[in-house]
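In what follows, a structure is listed as structure tokens, so that the remarks can point back to it.
Each chain gets a letter, A, B and so on, in the order the sequences are listed, and its residues count up from 1.
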Amino acid sequence: MTLRDLTLEGLEQSLNRVLMLDPEACRRLAELHGRVIRIDLRGTGVQLNFAPGHDGRLQIVGGPELVPDCALSGSPIDLLRASDHDSGHAQLFAGRVHIDGDTGVAQRFSDTLARIDIDWEEQLAKLTGDIAAHEIARRARMLGRSGERLGQSARDNLSEYLTEEVRLLPHRFAVDDFLEDVDQLRDAVDRLEARIALLEQRKAGEQA
Amino acid sequence: MANQRSRTHFGYRTVESGQKAGLVREVFDSVASRYDLMNDLMSLGIHRLWKRIAVELAAVRAGQRILDLASGTGDLADRFADLVGPEGLVLMTDINAAMLDVGRDRMVDRGHAGNLAYAQVDAEKLPLPENAIDVVTIAFGLRNVTAKEQALAEMFRVLRPGGRALVLEFSKPVNKPLEKIYDLYSFGILPHLGRLVAKDAESYRYLAESIRMHPDQETLRGMMEQAGFERCDVHNLTGGIVAVHRGFKL
């Protein structure tokens with residue numbers, strides 16, 4: 001018995017606690033009941049086998065003896081990036097993350113974990129009742145929205161200060177004009193190059 | 001064979017062989033309702049790690065048939081049922097009806113259905129044909145069996161060739177200081193815990209005594225080899241307080 005077993009037990013319990021807060025994720029994982037998904041953290045020597053149960057809870061089983069249905073391998077950072085929905089496919093196609101075995105199972109498993117969405121209002125309602133939970137959640141959302149507005153206006157003020165007041169950065173329109181000029185210059189150079197090539201061709205024809 | 005001997009041990013007492021099953025039943029009838037709580041208290045929760053390691057060594061796969069003897073409240077069966085998937089089968093058994101009832105209720109509460117079956121079974125006389133089971137396990141049960149050799153022979157008989165048996169059981173600490181602390185705990189603290197929580201000091205005294213009377217690592221490995229198991233290995237856990245014996249039918 002080692003620290004590893006203690007860590008696995010702790011990891012399994014924490015992960016399942018989070019999962020139980022998202023019934024939809026549990027339902028999707030329960031569809032994988034009986035499958036084993038191995039995650040191989042390259043460079044660390046750690047191999048974890050995840051076995052979803054009948055209710056979507058995950059068992060994390062160590063050891064090489066288990067035969068997985070599919071295996072995902074990559075460095076911890078690459079695997080984390082792969083779980084991001086936008087850049088995940090890029091990681092895969094760049095060859096930094098490998099999938100062996102049933103790719104469908106691997107895809108469903110990683111998608112489910114990446115999309116865990118906890119309904120905090122529902123969880124809160126279990127403690128406080130529906131009405132109080134709804135009110136608290138509404139206020140939290142309002143607070144979130146005003147925070148967002150505050151953030152946006154801070155960003156706007158900063159950009160105005162840098163471009164208009166101290167003129168450390170060019171204004172966006174100036175950048176656009178500059179980029180347009182660069183494009184026109186490039187096109188003009190291309191045309192000139194084509195013209196020179198044509199003239200050289202003509203001169204070579206006259207000499208012959 | 002042990003079951004042909006007329007006398008056997010029950011803790012530190014020597015009793016008629018025929019009496020032991022009844023005495024063990026009384027112990028477990030008495031502790032059934034508070035069994036899980038007592039396990040957590042007695043082992044400080046470490047029993048979960050011991051069982052986790054046993055499950056790992058069992059390397060159960062989807063679709064397999066698992067026989068779990070002396071299931072008790074079903075800690076192992078619970079994990080196995082999730083590992084074998086909907087096509088597999090876990091047979092959860094116990095000789096004690098009270099324990100099996102508690103275990104079955106717990107499995108139903110946890111939502112297991114379809115791949116878990118329950119039966120009151122005597123480990124010495126398994127009601128199963130030969131070569132029927134992929135993995136057979138007995139966790140903290142073998143020391144309560146009257147004729148251990150007979151139980152091991154039965155486990156071997158029902159296993160399919162290639163199948164494996166796992167015995168998770170208290171064993172002998174591998175170093176002296178640990179043994180001293182362990183003895184102090186078992187005979188000084190454990191019966192008091194039993195009296196306070198399960199209102200039954202005698203049953204817990206029996207548990208401590210039966211652990212001391214159980215064969216040590218090498219003896220049990222020899223018994224498994226005698227029963228026909230091959231490639232037997234022993235995994236000591238928590239300094240040998242508990243050991244997992246594993247053997248294969250090849």
Side-chain angles (χ1 to χ4, degrees), chain A residues 1-17 19-20 23 25-39 45-71 101-102 104-106 108-109 112, chain B residues 43-64 66 75-90 107-116 134-135 164 166 168 171 174 178 233 235-244 246 248:
Chain A
M1 200 174 65
T2 58
L3 191 64
R4 186 198 72 126
D5 302 299
L6 200 62
T7 312
L8 288 186
E9 178 72 16
L11 185 64
E12 183 180 298
Q13 287 193 9
S14 319
L15 194 57
N16 283 331
R17 246 176 234 139
L19 277 174
M20 286 300 120
C26 287
R27 195 192 58 73
R28 283 201 299 267
L29 284 174
E31 289 171 8
L32 299 176
H33 180 197
R35 306 298 190 101
V36 175
I37 300 102
R38 174 172 294 170
I39 292 185
V46 176
Q47 275 188 346
L48 298 174
N49 298 298
F50 292 81
H54 69 287
D55 54 0
R57 275 173 208 265
L58 292 174
Q59 264 188 67
I60 305 178
V61 190
E65 279 194 74
L66 223 59
V67 183
D69 292 274
C70 61
D102 190 336
V105 171
R108 279 157 69 192
F109 181 72
T112 307
Chain B
S43 71
L44 312 169
I46 301 173
H47 73 103
R48 293 171 196 282
L49 293 181
W50 295 333
K51 286 167 183 165
R52 156 183 285 283
I53 293 165
V55 170
E56 193 173 312
L57 289 168
V60 164
R61 299 181 197 176
Q64 286 190 324
I66 317 297
D75 284 337
L76 254 55
D78 179 37
R79 285 187 161 263
F80 287 147
D82 280 341
L83 289 170
V84 297
E87 287 85 31
L89 180 71
V90 178
M107 291 302 107
V108 171
D109 286 347
R110 289 182 75 88
H112 287 293
N115 65 353
L116 198 54
D134 295 293
V135 178
R164 63 180 78 188
L166 276 100
L168 173 64
S171 205
V174 287
L178 180 66
D233 52 13
H235 302 257
N236 280 322
L237 313 178
T238 319
I241 288 180
V242 163
V244 183
R246 183 169 63 163
F248 294 82

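In terms of heavy-atom pairs under 4.5 angstrom with chain A, the leader among B:V60, B:L83, B:L57, B:N115 is B:L83. Between chain A and the residues B:A59, B:A58, B:G114, B:A62, the largest count of heavy-atom pairs under 4.5 Å involves B:A59. For the set B:H112, B:E87, B:R48, B:R79, the count of heavy-atom pairs under 4.5 angstrom toward chain A peaks at B:R79.
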>> Between A:L66 and B:R61, does the side-chain contact (heavy atoms from CB on, under 4.5 Å) criterion hold? Intermediate values first, please.
In response: CA-CA 7 Å; A:L66 223 59; B:R61 299 181 197 176; 5.5 Å; no
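When all heavy atoms of B:E56 and A:R4 are compared, the closest pair comes out as OE2-NH2, 2.8 Å.
To the nearest 0.5 Å, atom CG of residue B:D82 and atom NE2 of residue A:H33 are 4.5 Å apart. To the nearest 0.5 Å, atoms CG (A:L8) and CD1 (B:I53) are separated by 9.5 Å.
B:A81 touches chain A through its backbone: at least one of N, CA, C or O sits under 4.5 Å from a heavy atom, while the side chain does not. For A:L32, no part lies under 4.5 angstrom from a heavy atom of chain B.
A distance-only check finds no donor-acceptor pair linking the side chain of B:R52 to the backbone of A:L6 [under 3.5 Å].
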